[in-house]
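Data block below; observations after.
Chain A is the first sequence line, chain B the second, and so forth, proteins listed ahead of strands; every chain is numbered from 1.
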Protein chains: 2
Amino acid sequence: MSATDGGVPTALSADLGLPITEDEHQDCPATDVLRRIGDKWSVLVVAILGRGPRRYNELHRSIKEISQRMLTRTLRGLERDGLVSRTVHPTVPATVEYALTDLGRSLLLPLSTITDWALENRKEIDEARSLHDRSQGGSRI
Amino acid sequence: MSATDGGVPTALSADLGLPITEDEHQDCPATDVLRRIGDKWSVLVVAILGRGPRRYNELHRSIKEISQRMLTRTLRGLERDGLVSRTVHPTVPATVEYALTDLGRSLLLPLSTITDWALENRKEIDEARSLHDRSQGGSRI
DNA sequence: CGGAATCCCTATCGATACTG
DNA sequence: CAGTATCGATAGGGATTCCG
């Protein structure tokens with residue numbers, strides 16, 4: 001607990017004293033994960049699957065405005081990273097069930113830390129935004 | 001602690017039983033924040049500023065491969081959301097100091113939860129990825 | 001039912017050059 | 001020193017149509 005200023009004693013504050021090389025940033029798993037779940041739909045899908053397995057069209061009905069294309073792409077991405085499993089039941093017509101893997105479930109708690117923060121601070125963020133937007137064209141301090 | 005399956009007792013698992021309407025998703029602060037810091041540079045900049053205030057060129061030197069354009073845009077975005085403050089010192093030539101605001105500092109801990117998870121599970125994710133990528137063109141189960 | 005294929009638009013990102 | 005301006009490339013996202 002003795003980082004320079006308000007640092008936090010984790011990976012977040014480690015190794016950031018010296019210049020970040022290209023390789024270091026490419027390797028950065030944090031940025032990688034954040035970009036993975038920072039897209040438009042992944043968090044929502046993970047959250048819904050966190051309540052239990054769902055079939056394709058169940059998900060599609062749960063998230064009304066998502067296109068089939070994006071639902072499929074989102075699921076493929078999550079599946080690729082091992083966060084979601086895809087099980088085809090050989091019925092006619094086929095039914096496909098999606099569920100969180102152990103890895104995916106292990107993400108739920110860390111993720112809720114962020115979403116809780118977002119809920120707690122949304123007003124402050126919104127206020128900062130409209131304040132900042134209003135001051136555009138005004139004095140730039 | 002009694003969600004359906006592996007649910008987590010937070011905002012993440014709340015209100016997800018019924019279809020998500022367009023408005024609900026637009027309002028979702030979680031997605032909003034995740035997209036904010038899910039871009040290519042924000043996490044890195046926040047992490048560096050978490051160690052203390054930095055001047056523009058200090059940041060630019062710390063993150064070697066970022067373009068001036070993207071550094072400026074990233075800082076403006078974080079500033080707009082009230083996570084980063086920008087202070088111009090009227091020297092000649094001017095120096096500008098960036099620092100985390102209280103709001104920005106409050107994000108460090110939740111953020112580290114995710115980055116720590118990413119560090120812990122990066123191998124598993126990478127393995128899942130290469131496994132999935134190899135099975136492309138093969139049998140789709 | 002659970003997608004894939006195609007088309008198209010927009011946002012993001014990067015490189016380069018220039019400026020108060 | 002701390003940016004802006006411009007351009008081009010790429011990735012994200014959506015609507016529609018078609019398929020086993």
* **5' priority, DNA chain D, between A:Ala94 and A:Arg73 [closest heavy atom]** =>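 Here A:Arg73 is the residue nearer the 5' end.
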* Structure fact -> B:Arg61 has its side chain closest, among C:dG3, C:dG14, D:dC1, to D:dC1
* Asked: Looking at D:dT4, C:dG2, C:dA4, which one has an atom nearest to any side-chain atom of B:Thr72?
  ->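 So the side chain of B:Thr72 is nearest to D:dT4.
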So, is [X] close to the [N] phosphate, meaning a side-chain N or O under 4.0 Å from OP1 or OP2?
X	N	result
B:Tyr98	D:dG3	yes
B:Lys40	C:dG14	yes
A:Arg55	C:dC1	no
A:Arg35	C:dC13	yes
B:Arg86	D:dG3	yes

Separation of atom [atom1] in [X] from atom [atom2] in [N], rounded to whole Å:
X	N	atom1	atom2	result
B:Ile63	D:dA2	CD1	P	14 Å
B:Leu75	C:dC13	CG	P	14 Å
B:Leu71	D:dC1	CG	C1'	13 Å
A:Glu65	D:dG14	CD	P	9 Å
A:Arg76	C:dG2	CZ	P	12 Å
B:Tyr56	C:dG20	OH	P	17 Å
A:Asp32	D:dA11	CG	C1'	15 Å
A:His89	C:dC1	NE2	C1'	13 Å

* Inspect the surroundings of CZ in B:Arg73 and state if more than 12 heavy atoms from other residues, nucleotides or ligands are less than 6.0 Å away. => no
* To do: On DNA chain C, check which nucleotide each of B:Asp39 and A:Gln68 is closest to and give me the residue with the more 5' one.
  => A:Gln68
* Residue met sooner reading DNA chain C from 5', once A:Thr95 and B:Met70 are mapped to nucleotides -> A:Thr95
* **Backbone N/O of B:Cys28 and side chain of B:Thr31: donor-acceptor pair under 3.5 Å** => no
* Look only at the side chain of B:Ser42 and the backbone of B:Gly38, and say whether a donor-acceptor pair between them is shorter than 3.5 Å. => no
* **Bending between helix ends of the helix from C:dC1-D:dG20 to C:dG20-D:dC1 [5 pairs per end, 10° resolution]** => 50°
* Might you work through the side chain to side chain donor-acceptor pair (under 3.5 Å) test for A:Thr95 and A:Tyr56, ending with a clear yes or no? => CA-CA 8 Å; A:Thr95 62; A:Tyr56 184 86; over 6 Å; no
* Structure fact -> Tightest non-hydrogen contact, residues A:Pro29 and B:Ala118, listed as O-CB, 3.6 Å
* Can A:Arg35 and A:Asp32 be counted as an ion pair, charged N to O under 4.0 angstrom? -> no
* **Atom pair CH2 (B:Trp41) and CG (B:Leu71), whose distance is rounded to the nearest 0.5 Å** =>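 One finds 9.5 Å between CH2 of B:Trp41 and CG of B:Leu71.
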* Asked: Rounded to the nearest 0.5 Å, how far does OH of A:Tyr98 lie from OG1 of A:Thr74?
  ->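 Rounded to the nearest 0.5 Å, the OG1-OH separation comes out at 10.5 Å.
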* Determine whether any donor atom in the side chain of A:Arg69 lies under 3.5 Å from an acceptor atom in the base of D:dG13, or the reverse, and answer yes or no. =>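 Result: at least one qualifying N/O pair found.
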